[in-house]
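Everything on this sheet refers to the single structure shown next.
Proteins get letters first, then strands, A, B, ... in listed order; numbering begins at 1 in each. None of the values given here were measured: they were computed from a predicted structure.
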Amino acid sequence: MTVALRDDRVIVLAGRCGVDDAEALQRHLLIAPDSTIEWSTCEQLHAAVLQVLLVAKPRIEGVPSSLFLSAHVAPLVRRPAS
Amino acid sequence: MDEFLAQFLIESRELAGEAVDDLLELEKNPGNRERFDDVFRAFHTLKGGAGIVEFKAMQEALHSAEDVLAAARAGATSVSPSDIGNCLACLDQIDEWLDTIESTGALPSDADAGALVARFGRSTAEERTAARASGADRSWIAKLLAARGAAAQRAQTAIRYRPTAESFFRHEDPLERVAALPGLLAVDVEPRAPWPPLEELDPYSCNLTITALCACAPAEAVAALGGAIAECEVEPAQAAPPAAAAPKLAARADELLAAQLHVLAETGEEAPAARIASAGRVAANVLRHTGRHADAERIAAVTQEAAARAAPEELRRALAALLEGGADAAAVATTERQSAQREQTLRVAAPRVDTLVRLTSELTVAKNAIGHAVKLAEDQGSPLTATLKQRHEALDRLVGELQRSVLTLRVLPLRAAFQRFPRLVREMAADLHKPVTLVLEGEHTEADKTIVELIGEPLVHVLRNAMDHGIEDEATRAAAGKPTVATIRLRALREGDHVVIEVIDDGRGIDVARVREIASERKVAAAEALESMSDPEVIDLIFAPGLSTAKAVTALSGRGVGLDAVRTAVKRLGGQVAVSRSGPGGTTVRLTLPFSVMMTEVMTVEAGGQPFGIPLEAVVETLRIPVTDVFAVGSAQAIVLRGRTVPLVDLAQSLGTAAAPLGGDSTLVVIAELDGDVGALKVDRVGERMAIMLQPPGGLLAGLPGIAGYTLRGDGSVLLLLDLEELLR
């Protein structure tokens with residue numbers, strides 16, 4: 001399980017988040033829209049999951065260990081709502 | 001192989017080689033029109049050649065390559081990175097076919113250009129779609145660059161990736177593709193269609209347009225994008241430099257005009273009016289063909305007038321003015337130099353050159369024999385001595401010059417060995433996901449043909465070692481504050497009688513402590529010896545057999561290409577290899593090779609009544625030692641030299657000639673050193689030093705142990721050159 005719910009309000013993205021995790025994440029975010037995403041142990045993020053993050057614009061915490069995610073993806077999903 | 005095919009093979013190899021060079025250059029500088037034309041010409045000529053020998057598959061492959069190039073030329077667009085990749089693939093295939101022809105002497109019967117043709121076809125189709133979609137729109141690049149100020153400065157390539165909506169179902173992860181781009185600097189993501197609210201979002205339908213900037217060449221990005229390339233636009237990030245303004249006059253045209261000036265200056269037998277008319281006509285034609293119609297008309301008018309009055313001065317002035325104002329001097333100079341270079345190159349089959357080298361060496365022998373004869377004449381008090389001496393000196397000088405010139409015939413630029421490395425490194429970089437720039441320096445440095453031909457293999461090992469184990473991955477480099485794109489410099493230079501080739505990387509460098517550890521673990525050297533070793537000495541251990549640097553230094557799963565193989569290969573060429581640290585991080589591997597492998601300085605010795613040569617560079621000293629100093633170690637003998645036990649080799653005995661009895665109470669030894677191994681060679685007599693042209697042992701000599709080669713001496717006797725490596729082992 002790479003998408004997990006912690007304490008009702010924190011969604012943890014861990015390890016390699018594959019294409020199948022997109023739907024789970026979407027479901028979690030629909031149920032609890034003001035959840036915080038914790039992704040410091042996330043190693044890989046599928047573009048499908050990214051789409052969910054881009055649309056839902058949840059609060060995101062942590063710095064992923066992957067250089068690509070922390071340097072290039074984090075700024076995209078942390079963008080203030082336009 | 002029939003002569004046609006042989007010629008075709010030579011020419012095709014040459015053209016394919018040139019085309020690869022040109023393509024790689026074009027990749028760096030897509031706006032370079034001249035290179036583009038060179039590529040086009042090379043493909044066209046290759047195709048022509050294939051037609052002559054009726055090699056259909058090659059014709060087809062080249063034809064589709066030519067189509068793509070022609071389309072780019074007609075569109076006045078720069079050639080795209082994927083085109084370059086395809087053209088390179090095409091040349092690779094052709095190279096393979098040529099290999100087959102070379103080994104079988106016939107056209108490959110199973111050659112099929114289908115895959116290549118399809119590849120080119122697809123690429124043109126893709127580009128058409130891409131062009132239509134973007135409307136040749138480059139504004140996204142400008143936008144991307146503007147948004148990323150700092151990254152933009154280092155960006156070489158801009159990528160716009162628009163995966164289709166279904167791409168996730170093809171197990172495609174666009175984000176992973178982008179993450180794999182070498183030298184990634186910046187990424188941006190936009191929705192293709194406006195995002196729906198979260199509850200309506202279909203996360204499995206891709207709605208992303210990803211743009212990215214990379215610090216790698218466009219073709220590298222194309223390689224990294226792999227199968228996704230059909231959905232990508234890959235463009236050089238910096239606007240292509242404007243094509244150089246066409247020279248006001250082509251250099252050739254200038255030459256022709258200048259030639260007319262000479263014609264006018266001549267006072268031949270031809271009537272002046274006729275000469276003026278003909279010169280003027282040529283000049284006007286030249287101008288018309290270079291598009292300078294106004295000038296052409298003016299010259300025609302001046303010609304008419306000058307011819308009528310038989311006064312060449314006016315026409316001369318007009319032509320001189322055109323020449324002065326007309327040509328871009330620098331451009332003309334380069335073109336002239338280039339054309340001069342081309343004209344001065346002769347293609348000669350290598351065996352012919354070798355024959356010449358052999359003949360020259362025999363001539364040297366004959367000259368030395370005359371030297372003997374002169375000496376004989378002198379001893380007998382012949383009245384001809386003075387004349388003979390004089391003539392012999394002249395001959396000596398001439399033969400010496402001949403020898404030097406002939407040796408330069410065997411010389412090739414190292415470029416021939418280096419030219420495959422840019423591609424090799426590019427491929428390795430893609431395989432290992434380590435973006436690397438290979439910088440070639442001094443590839444025009446010349447070296448003996450044998451060296452140029454044989455140095456490639458060891459250099460591949462060195463480069464692979466650097467890529468595999470020296471260069472860190474991108475993340476490590478970034479963490480260490482290094483540029484993520486690593487640099488490997490391959491440098492060649494001439495140092496006196498040697499050619500030096502260096503491979504310098506800016507990787508992590510050699511971990512000396514770790515080498516020490518491994519060396520003692522694997523018993524490559526004794527613990528106490530290791531302790532007393534200096535750092536450079538320890539570093540040198542990575543060449544020792546049994547200590548694979550791969551596992552030892554970096555603990556990476558190495559391919560196990562030991563650097564000891566490199567040292568062995570370089571040594572066989574008469575060279576040396578050393579490794580050192582370069583700068584704060586990084587490693588320099590330095591190969592020092594003799595400029596010419598044919599000439600060897602030797603010292604002659606005599607043992608068992610036979611003369612032998614010892615490579616002079618190995619000789620440390622010659623000594624006369626008392627017989628009592630020789631003691632037996634098992635079945636062998638040794639002497640003590642300054643507190644050190646040195647094995648004694650009885651040359652006559654080990655080479656199978658009769659062992660001379662230990663006459664008198666002392667014996668003559670030559671102390672020789674090879675890679676730190678010191679040995680004493682027992683000899684009867686020490687002779688002169690001489691430079692010889694070494695012949696590899698052949699025929700009956702081939703099986704002789706301890707013999708590296710031979711040469712003929714002035715008196716016609718054979719001088720055998722000792723193989724110290726074998727003798728001292």
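Ion pairing between a basic and an acidic side chain is recognised when a charged N comes within 4.0 Å of a carboxylate O; Arg27(A) and Glu199(B) show no such pairing. In this structure, Arg162(B) pairs ionically with Glu233(B), as a charged nitrogen and a carboxylate oxygen lie closer than 4.0 Å. One finds a salt bridge joining Glu172(B) and Arg177(B) here, because a Lys/Arg side-chain nitrogen approaches an Asp/Glu carboxylate oxygen to under 4.0 Å.
With a threshold of 4.5 angstrom between heavy atoms, Ser205(B) approaches chain A through N, CA, C or O but not through any side-chain atom. Residue contact with chain A, scored on non-hydrogen atoms closer than 4.5 Å, involves the backbone and the side chain of Ala475(B) alike. Of the atoms belonging to Leu25(A), not a single heavy atom falls under 4.5 Å from chain B. Using a 4.5 Å cut-off between heavy atoms, Leu30(A) contacts chain B through both its backbone and its side chain. Interface remark: Pro163(B) contributes no atoms to any contact with chain A (heavy atom separation under 4.5 Å). Interface residue Ala478(B): only side-chain heavy atoms are found under 4.5 Å from chain A. Contact annotation for Pro196(B): only backbone heavy atoms (N, CA, C, O) come within less than 4.5 Å of a heavy atom of chain A. Both the backbone and the side chain of Glu23(A) come within contact range of chain B, each with at least one heavy atom under 4.5 Å from a heavy atom of that chain.
At least one donor-acceptor pair closer than 3.5 Å links the side chain of Lys482(B) to the backbone N or O of Asp506(B). Judged by distance alone, with hydrogens and angles left aside, the side-chain atoms of Arg508(B) form a donor-acceptor pair with the main-chain N or O of His469(B) at under 3.5 Å.
In terms of non-hydrogen atom pairs under 4.5 Å with chain A, the most contact-rich of Leu201(B), Val178(B), Ile210(B), Asp202(B) is Leu201(B). The most heavy-atom pairs under 4.5 Å with chain A, out of Leu175(B), Leu184(B), Asp173(B), come from Asp173(B). When Val187(B), Leu198(B), Leu208(B) are compared by the number of non-hydrogen pairs under 4.5 Å with chain A, Leu198(B) comes out ahead.
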Full working for side-chain hydrogen bond (donor to acceptor under 3.5 Å, both in side chains) between Arg170(B) and Thr164(B): CA-CA 10 Å; Arg170(B) 287 187 272 120; Thr164(B) 56; 2.9 Å; yes
His433(B) vs Glu474(B), side chain to side chain contact (heavy atoms under 4.5 Å, CB included): CA-CA, chis, key distance, verdict: CA-CA 8 Å; His433(B) 300 295; Glu474(B) 249 181 299; over 6 Å; no
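Side-chain atoms of Val19(A) and His171(B), non-hydrogen and from C-beta on, never get closer than 4.5 Å to each other.
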